[in-house]
Student: 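Starting off with a structure, shown below.
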Amino acid sequence: NGAGKSTLIKMVSGVHQPDSGEVLYRGRSLRGRTPQEVREAGIETIYQDLALADNLDVGINLFLGRERERKVLGVLPRLDRKFMRAEAKKALADLGIAIQEPNRPVRDLSGGQRQAIAIGRAVYWRAKVLIMDEPTAALGVPEQREVMALIRRLKAQGVGIIFISHNLNDIFEVSDRIVVLERGRKAGERLTGDTDPDEVVKLMMGADGQAKRAHS
């Protein structure tokens, strides 16, 4: 906690602008872009609070900020709830998540289902990179397993994932590369298959940096 993980992803997603340096995506700088422009480039972020409207149904939440409308009598605009609910049900089914009643408010759903809706929304809008900030932190063990299985399916579909967590078990279960932050600086970077939890903990505690300073 306090290592700078959430601040870093907010710089990637356009919420904050970095004081120095560049954020590059496919060779182009994201510096100065708004969150909406970053999303349009294909980078979606799921924050810890999920940014869901608890009083609204699954369909509306999938299209939140991008609601689909239809014309009544060819003139009056109305939300096309039927279309949005059908699309939400299909999008979640594609991720292996079954929502039996897409018209229910999301506050009535489990933590795992709510997380799946947030992920489904990002994937539906064709995210090429998905940033997830502590996606399992507030979930029970069964729901954590659901989310981890969902992450593996997204990886298999070619979605790049930046997975923010301080839970080493989760990190080693789904990651290919581990980057450790310590007080706002990169303390180390390892391929997951080339390291172990003990070494990562040492990096978190700053042991690697201390050793380098001592050597120099």
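Just so it is clear, the structure is predicted and the values come from calculations on it, not from any experiment. Numbering starts at 1 and runs along the sequence shown. Computation of the quantities below employed the complete heavy-atom set of this structure, encompassing side-chain atoms and omitting hydrogens, waters and symmetry-equivalent molecules.
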Student: Looking at Leu62 and Ala91, what are the two nearest heavy atoms and their distance?
Tutor: CD2-CB, 4.4 Å
Student: Has the side chain of Gln115 got a donor or acceptor atom that lies under 3.5 Å from a matching backbone atom of Pro135?
Tutor: yes
Student: With a 4.5 Å cut-off on side-chain heavy-atom distances among I, L, V, M, F, W and Y, is there a chain of contacts connecting Ile131 to Leu30?
Tutor: yes
Student: Looking at CG of Asp80 and CD1 of Ile60, how far apart are the two atoms once the value is rounded to the nearest 0.5 Å?
Tutor: 9.5 Å
Student: Between Ser29 (side chain) and Leu24 (backbone), is there a donor-acceptor pair under 3.5 Å?
Tutor: no
Student: Look up atom CG in Leu8 and atom NE2 in His16, then write down how far apart they are to the nearest 0.5 Å.
Tutor: 11.0 Å
Student: Is there a side-chain contact between Asp196 and Glu199 in this structure, where contact means two heavy atoms from C-beta onward sitting under 4.5 Å apart?
Tutor: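 With C-beta onward as the side chain, the pair touches.
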Student: Working note: Tyr47 + Ser6, criterion side-chain hydrogen bond (donor to acceptor under 3.5 Å, both in side chains); need CA distance, chi angles, decisive distance, verdict.
Tutor: CA-CA 9 Å; Tyr47 298 101; Ser6 296; over 6 Å; no
Student: So do Val180 and Val200 actually touch side chain to side chain, heavy atoms under 4.5 Å?
Tutor: yes
Student: Closest approach of Gly14 and Pro35, non-hydrogen atoms and distance?
Tutor: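 Here Gly14 and Pro35 meet closest at O-CD, 3.5 Å.
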Student: How far apart are the C-alpha atoms of Phe172 and Thr195, what are their side-chain angles, what is the distance that settles it, and do they pass the side-chain contact (heavy atoms from CB on, under 4.5 Å) test?
Tutor: CA-CA 10 Å; Phe172 273 87; Thr195 188; 4.0 Å; yes
Student: Taking C-beta and beyond as the side chain, do Pro105 and Asn55 meet within less than 4.5 Å on heavy atoms?
Tutor: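 The answer is no, as the side chains (C-beta and beyond) never meet within the 4.5 Å cut-off.
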Student: In terms of hydrophobic clusters joined by side-chain contacts under 4.5 Å, are Ile46 and Phe63 together?
Tutor: no
Student: Does Glu40 form a salt bridge (Lys or Arg N to Asp or Glu O under 4.0 Å) with Arg33? I'd like the steps, not just the answer.
Tutor: CA-CA 10 Å; Glu40 290 172 355; Arg33 296 201 188 186; over 6 Å; no
Student: Considering all heavy atoms of both residues, which atom of Gly32 and which atom of Gln17 are nearest to each other, and what is their separation?
Tutor: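 Shortest heavy-atom contact: N-OE1, 2.8 Å.
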Student: Taking it one step at a time, do Lys82 and Arg70 satisfy side-chain contact (heavy atoms from CB on, under 4.5 Å)?
Tutor: CA-CA 10 Å; Lys82 183 177 179 180; Arg70 60 185 177 85; over 6 Å; no
Student: Are Ile164 and Val179 connected in the hydrophobic side-chain network, where two residues link if heavy atoms are under 4.5 Å apart?
Tutor: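 They do not share one cluster, since no chain of ILVMFWY contacts under 4.5 Å joins Ile164 to Val179.
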Student: Say you draw a straight line from CE of Met148 to CG of Asn169; how long is it, rounded to the nearest 0.5 Å?
Tutor: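 So the CE of Met148 and the CG of Asn169 are separated by 9.0 Å.
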Student: Using 4.0 Å as the upper bound for N to carboxylate O, is an ion pair formed by Glu69 and Arg78?
Tutor: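 The answer is no: the pair does not qualify as a salt bridge.
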Student: Is it the case that over 12 heavy atoms from other parts of the model lie below 6.0 angstrom from the CZ atom of Arg185?
Tutor: no
Student: Please check if the number of heavy atoms outside Arg81 that lie under 6.0 Å from its CZ is greater than 12.
Tutor: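 At most 12 heavy atoms, drawn from other residues, nucleotides or ligands, come within 6.0 Å of this atom.
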Student: Are Met132 and Ile151 close enough that some pair of their side-chain heavy atoms sits under 4.5 Å apart?
Tutor: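 The answer is yes, as the side chains (C-beta and beyond) meet within the 4.5 Å cut-off.
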Student: Who are the side chain to side chain contact (heavy atoms under 4.5 Å, CB included) partners of Arg66, not counting sequence neighbours?
Tutor: Gln36, Arg39, Glu44, Trp125
Student: When hydrophobic residues are tied together by side-chain contacts of less than 4.5 Å, even through go-betweens, does Leu52 share a cluster with Val15?
Tutor: no
Student: Is there a side-chain contact between Leu64 and Asn61 in this structure, where contact means two heavy atoms from C-beta onward sitting under 4.5 Å apart?
Tutor: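 Heavy-atom side-chain distance check passes, below 4.5 Å.
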Student: Are Arg68 and Glu87 side-chain neighbours, meaning at least one heavy-atom pair lies under 4.5 Å?
Tutor: no
Student: Kindly indicate whether the side chain of Asp176, heavy atoms from C-beta on, has any atom under 4.5 Å from the side chain of Leu191.
Tutor: no
Student: When rounded to the nearest 0.5 angstrom, what is the spacing between CD in Gln144 and CG in Asn167?
Tutor: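 Rounded to the nearest 0.5 Å, the CD-CG separation comes out at 6.5 Å.
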Student: Hey, does the side chain of Arg104 reach the backbone of Asp108 with a donor-acceptor pair shorter than 3.5 angstrom?
Tutor: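 Such a contact is found between Arg104 side chain and Asp108 backbone.
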Student: Quick check against the 3.5 Å criterion: does Lys155 have a side-chain atom that pairs as donor or acceptor with the backbone of Val174?
Tutor: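 Yes; judged by distance alone, with no hydrogens or angles, the pair exists.
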Student: For a 4.5 angstrom cut-off between non-hydrogen side-chain atoms, does Val38 reach Tyr25?
Tutor: no
Student: Please say yes or no: joined through hydrophobic side-chain contacts below 4.5 Å, possibly via intermediate residues, are Leu203 and Ile178 part of one cluster?
Tutor: yes
Student: Side chain of Arg85, backbone of Val58: donor and acceptor closer than 3.5 Å?
Tutor: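 Not a single qualifying donor-acceptor pair exists.
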Student: Nearest 0.5 angstrom please: Arg153 CZ to Ile119 CD1, how far?
Tutor: 9.5 Å
Student: Compare every heavy atom of Arg114 with every heavy atom of Asp54, then report the nearest pair and how far apart it is.
Tutor: OD1-NH1, 2.8 Å
Student: Closest heavy-atom contact between Gly59 and Ala88?
Tutor: CA-CB, 3.7 Å
Student: To the nearest 0.5 Å, what is the distance between CD1 (Ile43) and CD1 (Ile9)?
Tutor: 11.5 Å
